[in-house]
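Values below: all heavy atoms of this structure, side chains included; hydrogens, waters and symmetry mates excluded. Throughout, numbering of the chain's residues begins at 1 and tracks the sequence.
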Amino acid sequence: QVQLVESGGGLVQPGGSLRLSCAASGRIISIYAMGWYRQAPGKQRELVATTTSGGSTNYADSVKGRFTISRDNAKNTVDLQMSSLKPDDTAVYYCYANVRVRWSTDRGDNYWGQGTQVTVSS
């Protein structure tokens, strides 16, 4: 019903920058929250940053001041600008969206992208 397509991952040196983008498409009535999670090898998936349709944002403590999330409600897209990257930021980054897909309820369903690899290494 809803597809999330990510782009922008890759290899970057410590201290460098990358920008991730995610576009949602499909049977979308409205999107509540959008954001990014990440999963490093051997670790659980963790929140990186999220944003609501009203513009409120939430960041993991580990990325505050380095990452910036932005959203275009008209285009159903969310971006993550990552700066001052560290080796600990290495992970698969997943786009997330809570999407209303049925007129019969206000409840949104959770959707995930396929993930994009970010590797921070010299």
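With rounding to the nearest 0.5 Å, the separation of CD in Q117 from OG1 in T90 is 7.0 Å. Note: Y37 OH to Q44 CD = 12.5 Å, rounded to the nearest 0.5 Å. The CG atom of D72 sits 11.0 Å away from atom OG of S21, with the distance rounded to the nearest 0.5 Å. Taking CZ of R45 as the reference point, atom CG of L47 lies at 11.5 Å (rounded to 0.5 Å). Rounding to the nearest 0.5 Å gives a distance of 8.5 Å between CG of L18 and CD of Q81. Distance CG/D79 to OG/S7: 8.0 Å, rounded to 0.5 Å.
Between M82 and L20 there is a side-chain heavy-atom pair separated by less than 4.5 Å. In this structure, I31 and N73 have side chains that are not in contact, with every pair of non-hydrogen atoms separated by 4.5 Å or more.
When hydrophobic clusters are built by joining Ile, Leu, Val, Met, Phe, Trp and Tyr residues whose side-chain heavy atoms come closer than 4.5 Å, directly or via intermediates, V12 is grouped together with F67. Follow the hydrophobic side-chain contacts under 4.5 Å out from I28 and you reach V78 in the same cluster. Tracing side-chain contacts under 4.5 Å through hydrophobic residues (I, L, V, M, F, W, Y), one reaches W112 starting from V92; they form part of the same cluster.
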Could you give me the CA-CA distance, side-chain angles and deciding distance for Y96 and V48, then say whether side-chain contact (heavy atoms from CB on, under 4.5 Å) is met? CA-CA 11 Å; Y96 158 82; V48 177; over 6 Å; no
List the steps and the verdict of side-chain contact (heavy atoms from CB on, under 4.5 Å) for C95 and W36. CA-CA 5 Å; C95 180; W36 295 89; 4.0 Å; yes
Check against side-chain contact (heavy atoms from CB on, under 4.5 Å), D109 and V99: CA-CA 5 Å; D109 294 339; V99 184; 5.8 Å; no
Checking L11 against S121 for the side-chain contact (heavy atoms from CB on, under 4.5 Å) test, could you report, in this order, the C-alpha distance in whole Å, the side-chain angles of both residues, the deciding distance, and whether it holds? CA-CA 7 Å; L11 173 64; S121 175; 4.2 Å; yes
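The minimum heavy-atom distance between T51 and R71, with the atom names listed, is O-NH1, 3.1 Å. Residues Y94 and Q114 approach most closely at CE2-O, 3.6 Å, considering heavy atoms. Summarising the geometry of Q1 relative to V101, their closest heavy-atom pair is OE1-CG2, 3.8 Å, with the distance given to 0.1 Å. Heavy-atom minimum distance, L4 versus Y111: CD1-O, 3.4 Å. Closest heavy-atom contact between A40 and A91: N-CB, 3.8 Å. The shortest non-hydrogen separation linking Q39 to K43 is NE2-O, 3.1 Å.
Residues forming a side chain to side chain donor-acceptor pair (under 3.5 Å) with R38 (at least two apart in sequence, or on another chain): E46, S62, D89, Y93. With sequence neighbours excluded, no residue forms a side chain to side chain donor-acceptor pair (under 3.5 Å) with S30.
Side-chain N or O atoms of Y59 include none that pairs as donor or acceptor with a backbone N or O of R66 at under 3.5 Å. Not a single donor-acceptor pair under 3.5 Å links the side chain of E6 to the backbone N or O of C22.
Other residues, nucleotides and ligands contribute only 12 or fewer heavy atoms inside 6.0 Å of the CZ atom of R27.
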